[in-house]
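Below is one structure, written out as structure tokens, with a few remarks after it.
Atom set for the values below is all heavy atoms of this structure, side chains included, hydrogens, waters and symmetry mates excluded. The chains referred to below are lettered A, B, ... by the order of the sequence lines, with proteins before strands, and numbering in each begins at 1.
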There are 2 protein chains.
Amino acid sequence: MTKRPNEATTCAWISLMRTQRLALSRVEARLKEAKLPPLSWYDVLWELEKAGDQGLRPYELEKALLFAQYNLSRLAERLAAAGLIDRHECSHDRRGQVLKITARGRALRRDTWAVYAQAIEDAVGARLSTEEAETLAVLLKKLQ
Amino acid sequence: MTKRPNEATTCAWISLMRTQRLALSRVEARLKEAKLPPLSWYDVLWELEKAGDQGLRPYELEKALLFAQYNLSRLAERLAAAGLIDRHECSHDRRGQVLKITARGRALRRDTWAVYAQAIEDAVGARLSTEEAETLAVLLKKLQ
DNA sequence: GGCATATCAATGCAGTTGCATCTATATGAT
DNA sequence: ATCATATAGATGCAACTGCATTGATATGCC
């Protein structure tokens with residue numbers, strides 16, 4: 001069945017696209033200003049830090065972060081080149097590898113978070129009450 | 001003053017980033033499936049169609065669509081090459097130009113909307129009540 | 001085991017984006 | 001009018017992304 005979006009739906013769609021772009025560009029600008037790497041680096045480092053010693057497989061990161069396979073492959077290459085992660089052989093699947101964060105990676109993640117947290121607070125926290133933020137998150141999750 | 005984002009704020013931030021990516025990729029996939037150009041083309045064509053006969057200056061489009069100047073410059077080049085817009089000299093500002101949609105451009109915009117509208121309905125309309133969509137739009141606009 | 005199929009990750013190539021800069025013209029101050 | 005500054009838009013180059021494909025291994029079926 002085909003059904004046209006109503007006014008509210010279209011308006012929500014447009015707001016979603018615009019707001020995300022605006023908010024993201026503000027936050028990315030802060031990171032750049034602080035000479036920190038882009039958010040995608042943070043996202044990978046944080047996932048790996050949470051994963052701890054056992055690390056994560058690239059395909060697990062792909063799913064967790066919604067990255068395209070080839071993008072993650074290249075991002076991992078850059079992170080490894082920068083000494084922020086290590087790529088280990090995977091013992092029980094010789095096609096694969098295991099990514100683990102290094103001490104340098106943890107340090108950079110921590111430094112990035114200092115700036116990132118403030119930027120999130122400015123972009124979101126300062127503009128919504130706690131209750132509004134909760135409502136927003138709930139509504140957004142319905143779209144996922 | 002520095003203040004850390006609270007749980008709700010962080011959660012809203014993450015949902016905003018993830019949900020937009022997911023929703024956008026679903027919609028773009030539909031367009032691609034239908035062999036239609038990407039959303040950025042639609043956005044420009046629609047702005048120009050709304051602007052009517054007098055067209056719009058590139059810098060006006062930049063502001064309306066939050067495009068970087070160089071991106072719009074190149075996008076306009078591609079749209080013009082595809083015969084979807086015309087670039088006219090600007091009578092009262094010889095640095096500038098005026099962009100106007102062509103008949104082909106209008107036709108493509110219309111065809112794109114048929115698919116786009118359905119995709120928005122599936123990505124948003126089908127997942128939220130009208131009231132929820134309105135609330136979502138209001139909350140998102142507070143972040144702009 | 002042997003083969004067909006699926007999954008993991010890398011990569012060549014083309015297209016796009018970001019950054020910095022450039023040219024041309026407009027605007028404002030004197 | 002002259003000059004300094006600001007704005008409109010284009011562009012060279014490097015980085016990144018998307019697409020399609022590849023190589024390597026794993027898994028399921030007979």
Original post:
Is there a donor-acceptor contact under 3.5 Å from the side chain of A/K141 to the main chain of B/S15?
Top reply: no

Subject >> Donor-acceptor pair, side chain of B/T19 and main chain of A/L143, under 3.5 angstrom >> reply: no

Original post:
Quick one: do the B/T9 and B/N6 side chains pair a donor with an acceptor below 3.5 Å?
Top reply: yes

Original post:
Just by modelled atom types, is the B/Q144 backbone N or O under 3.5 Å from a matching donor or acceptor in the A/R127 side chain?
Top reply: yes

Original post:
With distance as the sole criterion, is a donor-acceptor pair present between the side chains of B/Y116 and B/W46 under 3.5 Å?
Top reply: no

Original post:
Can you check whether B/L22's main-chain N or O pairs, donor with acceptor, with B/S25's side chain at less than 3.5 Å?
Top reply: yes

Original post:
Between A/S73 and C/dA10, does any side-chain N or O lie under 4.0 Å from OP1 or OP2?
Top reply: yes

Subject >> Polar side-chain contact B/R74-D/dG9 base: donor and acceptor under 3.5 Å >> reply: no

Original post:
Listed in order of residue number, which residues of residues 77-98 of chain A have a non-hydrogen atom at under 4.0 Å from DNA chain D?
Top reply: A/R78, A/D93, A/R94, A/R95

Subject >> A/T130 vs A/E134, side-chain contact (heavy atoms from CB on, under 4.5 Å): CA-CA, chis, key distance, verdict >> reply: CA-CA 6 Å; A/T130 298; A/E134 280 166 0; 3.8 Å; yes

Original post:
Between A/E132 (side chain) and A/S129 (backbone), is there a donor-acceptor pair under 3.5 Å?
Top reply: yes

**OP:** Give the rounded distance in Å between these two atoms: CG of B/L72 and C1' of D/dA10.
**Re:** 12 Å

Subject >> Positions of residues 39-71 of chain A (non-hydrogen atom under 4.0 Å from DNA chain D), listed by number >> reply: A/Y70, A/N71

Subject >> Under 3.5 Å: donor-acceptor pair, side chain of B/R4, backbone of A/A114 >> reply: no

Original post:
In residues 18-35 of chain A, which ones come under 4.0 Å of DNA chain D, going by heavy atoms?
Top reply: none

Original post:
Does A/R57 use its side chain to pair, donor to acceptor, with the backbone of A/Q97 at less than 3.5 Å?
Top reply: yes

